[in-house]
Amino acid sequence: MIIRKSSREIDIMRKAGQIVAQTHAVLAEKIEAGITTQEIDQIAEEFIRAQGAKPAFKGYQGFPSTVCIAINEQVVHGIPSSRHLETGDIIGLDIGAVVDGYYGDAARTLPVGQVSEKAERLLTVTEESLFKGIEKVKVGNRISDISNAVQQHAEQAGYSVVRRFVGHGIGRNMHEDPQIPNFGSPGRGPRLKAGMVLAIEPMINAGGYEVETLDDNWTVVTCDGELSAHFEHTVAVTDSGFRILTKA
Ligand code: MG
């Protein structure tokens, strides 16, 4: 069941989304070779709590940390650790915050210092894919119009789209209906209506789309060891189009 939100609820979700955006901005300043992913996580948690919000992921299905961190061939859901970032890494940061019971969720993948041209291009195309999807958020369109726009853009660039994990509705729960795949034919799935709030989140691989979960039961990696990138925004469907709740 898709739960539509009132404009009052969307305003609260915007507050949560804004804190997520601010947390991303704080972390972007800290990302450099040498810092550990645990240090990054601690900065994020302190910042979110200082805003009077709660980290959404900490304790979610037992996840131990505030930020899901995915480096290089890691796709999503990596656990912060004593690992040090190195120049040339790409680091995916997925952050959620809760304000008055409502969730905001956004991810981005950043370069650590100078990265390869190949890595740079993957980041650019993945972020572009997210916005191609967001541009389809319009009353009367269908969910798979978003999916198809993401897939077309990523595949035209020679990349593949992760199948195993998908975007989602969001509200009083982090994961609500509908699911939002990043692939598929257009014109299918539920029609978009004002008040729906969607977390759109392409996970794009430089190689094949197959992924597997490591023995820690969280970290998802590409099967072929190639790079992966992840960008996400929480987006409300409005009468006139869309509103990105997690932008700065
Ligand atoms: Mg999400």
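This chain uses plain numbering: 1 for the first residue, then up along the sequence. Whatever order the structure lists ligands and atoms in, that order sets their numbers, starting from 1.
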S.K.: Could you see if Val139 belongs to whatever hydrophobic cluster contains Val235? Use Ile, Leu, Val, Met, Phe, Trp, Tyr and a side-chain cutoff under 4.5 Å.
M.R.: yes

S.K.: Between Arg243 and Asp11, does any side-chain N to carboxylate O distance fall below 4.0 Å?
M.R.: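 Yes.
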
S.K.: Does a donor on one side chain and an acceptor on the other come within less than 3.5 Å for Glu46 and Gln42?
M.R.: yes

S.K.: Can you check the number of protein N/O/S atoms within less than 2.8 Å of the Mg ion (ligand 1)?
M.R.: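 Every protein N, O or S atom under 2.8 Å from the Mg ion (ligand 1) counted, the figure is 4.
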
S.K.: Quick one, Val162 with Val76, criterion side chain to side chain contact (heavy atoms under 4.5 Å, CB included). Give me CA distance, side-chain angles, the key distance, then yes/no.
M.R.: CA-CA 11 Å; Val162 171; Val76 285; over 6 Å; no

S.K.: Would you please indicate yes or no on a ring centroid separation below 6.0 angstrom for Tyr60 and His175?
M.R.: yes

S.K.: List in chain and number order the residues that pass side-chain hydrogen bond (donor to acceptor under 3.5 Å, both in side chains) with Arg121, two or more places apart in sequence or in another chain; answer none if no residue qualifies.
M.R.: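 Arg121: side-chain hydrogen bond (donor to acceptor under 3.5 Å, both in side chains) contacts with Tyr159.
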
